[in-house]
Amino acid sequence: MKVFFIILCVFAGCCSNVYFLELLVKEDPGSGNLITFSQFIFIALIGFIRTSKFGTAERHIQIKDYMIMTAMFFITNVFNNYAFDLNIPMPLHMIFRAGSLIANMIMGIIILKKRYRLDKYVSVGMITFGIAICTIISGQKVSKSVGQSTVTKETSELEDFFWWSVGIACLTLALFVSARMGIYQEVLYKKHGKYPNEALYYTHLLPLPGFLVLSSNLWEHLSIAVNSRPIFVPVINLPVPCIIAYLIGNVVTQFVCISSVYHLTTECSSLTVTLVITLRKFISLLFSILWFRNPFTIYHWIGTIAVFVGTVIFTELPQKMQSSMISKKIESKKKKT
């Protein structure tokens with residue numbers, strides 16, 4: 001029952017987080033930095049109370065190591081959220097981020113000198129194809145509208161296409177920085193041991209001063225949030241600015257999502273964790289398309305299927321499920337005898 005409850009929390013937390021994020025982006029596409037800052041300060045505050053014990057708990061990994069990891073984590077989150085302000089639709093954003101395996105493989109080959117089996121390269125090829133086709137089709141939608149417009153509109157839409165290209169560049173950079181952070185984390189844990197709660201706390205605490213650079217942007221979008229249209233919130237029985245309500249929902253569900261995934265890794269095998277996360281991503285994508293009626297063509301479906309089938313092949317889910325079933329059969333036979 002405990003494992004079932006944690007898996008339920010992963011789906012509820014992560015899928016709800018996508019829901020609130022979509023609402024926020026629809027109300028204010030430029031709110032990415034405000035969303036990132038709110039998530040960081042909330043998780044850092046929870047970590048200060050629960051992990052740091054109000055600054056009294058002993059630290060297991062040196063602060064300089066956390067600062068390197070934090071810099072990469074900060075860049076990844078800011079670039080991922082800022083992409084929403086650059087004409088990147090939610091489904092494309094989600095599909096693009098699902099391509100983290102490609103970046104991890106490339107960084108693993110370059111930095112750790114790893115070598116992979118043929119099926120790994122095939123799976124990465126499928127994921128690359130899926131992301132490429134979705135990116136090209138999304139880009140063509142912008143280009144087609146340019147060809148059908150007047151001179152004034154043409155300039156504006158060419159500019160939109162330019163910023164869309166910048167958004168793709170931001171997502172690509174974030175993908176590779178995130179992969180590099182994963183490798184750095186792996187090396188760090190091998191050296192000092194695994195302390196994910198501590199890492200979660202410091203990677204959210206240390207970047208907070210960096211948001212001073214974005215203070216004008218944060219203030220601008222906080223003003224937009226405070227002055228947004230009011231909606232009635234039954235919990236407090238009062239009207240609240242809609243962006244503030246969505247932001248609170250996003251921050252809380254982000255914490256539930258991250259915490260649940262961590263607890264799942266302590267309770268289940270890597271097979272179960274991988275399966276749950278893969279299914280969660282796919283359900284989040286379907287929810288985004290169906291609920292918010294985002295444009296999604298047959299080519300987007302082909303790309304999406306390629307990304308998720310490639311992910312399943314890479315993580316060897318069928319083989320692991322088969323070996324897990326065989327192990328259970330052997331154990332049950334042993335018990336009977």
Side-chain angles (χ1 to χ4, degrees), residues 1-3 5-10 12-14 17 33-81 100 103-104 107-108 111-112 114 174 176-215 218 248 250-274 276-277:
M1 283 301 293
K2 185 180 178 182
V3 173
F5 178 73
I6 293 169
I7 291 172
L8 196 65
C9 286
V10 170
C14 299
N17 183 254
N33 290 329
L34 180 63
I35 295 167
T36 308
F37 175 71
S38 304
Q39 290 174 352
F40 274 47
I41 201 163
F42 181 78
I43 293 172
L45 181 63
I46 296 294
F48 180 71
I49 297 166
R50 291 175 58 183
T51 306
S52 178
K53 310 293 183 189
F54 297 93
T56 60
E58 183 186 352
R59 194 174 56 249
H60 299 92
I61 298 174
Q62 291 183 7
I63 202 75
K64 66 175 184 179
D65 294 322
Y66 278 130
M67 286 181 78
I68 295 167
M69 192 161 67
T70 296
M72 291 186 276
F73 185 69
F74 179 76
I75 290 167
T76 301
N77 278 272
V78 169
F79 274 54
N80 273 328
N81 282 336
S100 55
N104 284 331
M107 296 302 276
I111 297 167
L112 300 178
K114 285 187 177 181
F176 281 96
V177 172
S178 177
R180 181 65 186 91
M181 184 184 76
I183 290 171
Y184 183 78
Q185 220 168 353
E186 189 180 325
V187 172
L188 211 59
Y189 285 163
K190 278 181 183 177
K191 185 179 176 183
H192 299 284
K194 292 185 178 182
Y195 302 99
N197 273 347
E198 184 180 281
L200 182 69
Y201 168 56
Y202 281 103
T203 50
H204 285 80
L205 174 71
L206 295 176
L208 291 179
F211 284 100
L212 290 171
V213 180
L214 306 168
S215 57
L218 290 172
I248 292 168
N250 177 268
V251 166
V252 172
T253 53
Q254 173 75 357
F255 177 72
V256 172
C257 175
I258 290 175
S259 305
S260 301
V261 170
Y262 164 69
H263 284 296
L264 192 65
T265 60
T266 62
E267 296 288 337
C268 301
S269 65
S270 59
L271 167 66
T272 307
V273 176
T274 307
V276 169
I277 292 171

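When reading the values below, keep in mind they use all heavy atoms of this one structure, side chains included, and skip hydrogens, waters and symmetry mates.
Closest of all the heavy-atom pairs between Phe255 and Ser259 is O-OG, 2.7 Å. Considering every non-hydrogen atom in both Gln39 and Val251, the closest pair reads N-CG2, 3.9 Å. Across every non-hydrogen atom of Tyr195 and Tyr66, the tightest pair is O-OH, 4.3 Å. Counting all heavy atoms, side chain and backbone alike, Cys257 lies closest to Gly13 at CB-C, 3.9 Å. In plain terms, the two heavy atoms of Leu208 and Ala44 that are nearest each other are CD1-CB, 4.2 Å. Listed here is the closest heavy atom pair of Pro207 and Thr70: CG-CG2, 3.0 Å.
Taking the six-membered ring for Trp and thresholds of 30 and 60 degrees, Phe40 and Phe73 have nearly parallel ring planes, at less than 30 degrees apart.
Here the side chain of Glu198 pairs a donor or acceptor atom with the backbone of Ile61 at under 3.5 angstrom. Remark: the backbone N or O of Asn250 is paired with a side-chain donor or acceptor of Thr253 at under 3.5 angstrom. Distance alone, capped at 3.5 Å, places no donor-acceptor pair between the Thr51 side chain and the Phe48 backbone.
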Does the side-chain contact (heavy atoms from CB on, under 4.5 Å) test come out yes or no for Lys191 and Val187, once each step is laid out? CA-CA 6 Å; Lys191 185 179 176 183; Val187 172; 5.7 Å; no
Test log, rule side-chain contact (heavy atoms from CB on, under 4.5 Å), inputs Asp65 and His192: CA-CA 11 Å; Asp65 294 322; His192 299 284; 3.7 Å; yes
Under the side-chain contact (heavy atoms from CB on, under 4.5 Å) criterion, do Ile46 and Tyr201 qualify, and how do the steps go? CA-CA 8 Å; Ile46 296 294; Tyr201 168 56; over 6 Å; no
Report the C-alpha distance between Arg180 and Phe176 in whole Å, list the side-chain angles of each, state the deciding distance to 0.1 Å, and finish with yes or no for side-chain contact (heavy atoms from CB on, under 4.5 Å). CA-CA 6 Å; Arg180 181 65 186 91; Phe176 281 96; over 6 Å; no
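Atom CZ of Phe79 is separated from atom CZ of Phe74 by 9.5 Å, given to the nearest 0.5 angstrom. For the atom pair CZ (Arg50) and CG (Leu45), the distance works out to 11.5 Å, reported to the nearest 0.5 Å. Interatomic distance, CG of Leu200 versus CD1 of Ile258, reported as 5.5 Å (0.5 Å rounding). Annotation: the span from Tyr202 atom OH to His60 atom NE2 amounts to 10.0 Å, rounded to 0.5 Å. In this structure, OG1 in Thr36 is found 13.0 Å from CD1 in Ile41, a value given to the nearest 0.5 Å. Within the model, atoms CD1 of Ile68 and CD of Gln62 stand 10.0 Å from one another, a figure rounded to the nearest 0.5 Å.
Residue Arg59 qualifies as enclosed at atom CZ: its count of foreign heavy atoms under 6.0 Å is above 12.
No side-chain heavy atom of Val256 sits less than 4.5 Å from a side-chain heavy atom of Asn17.
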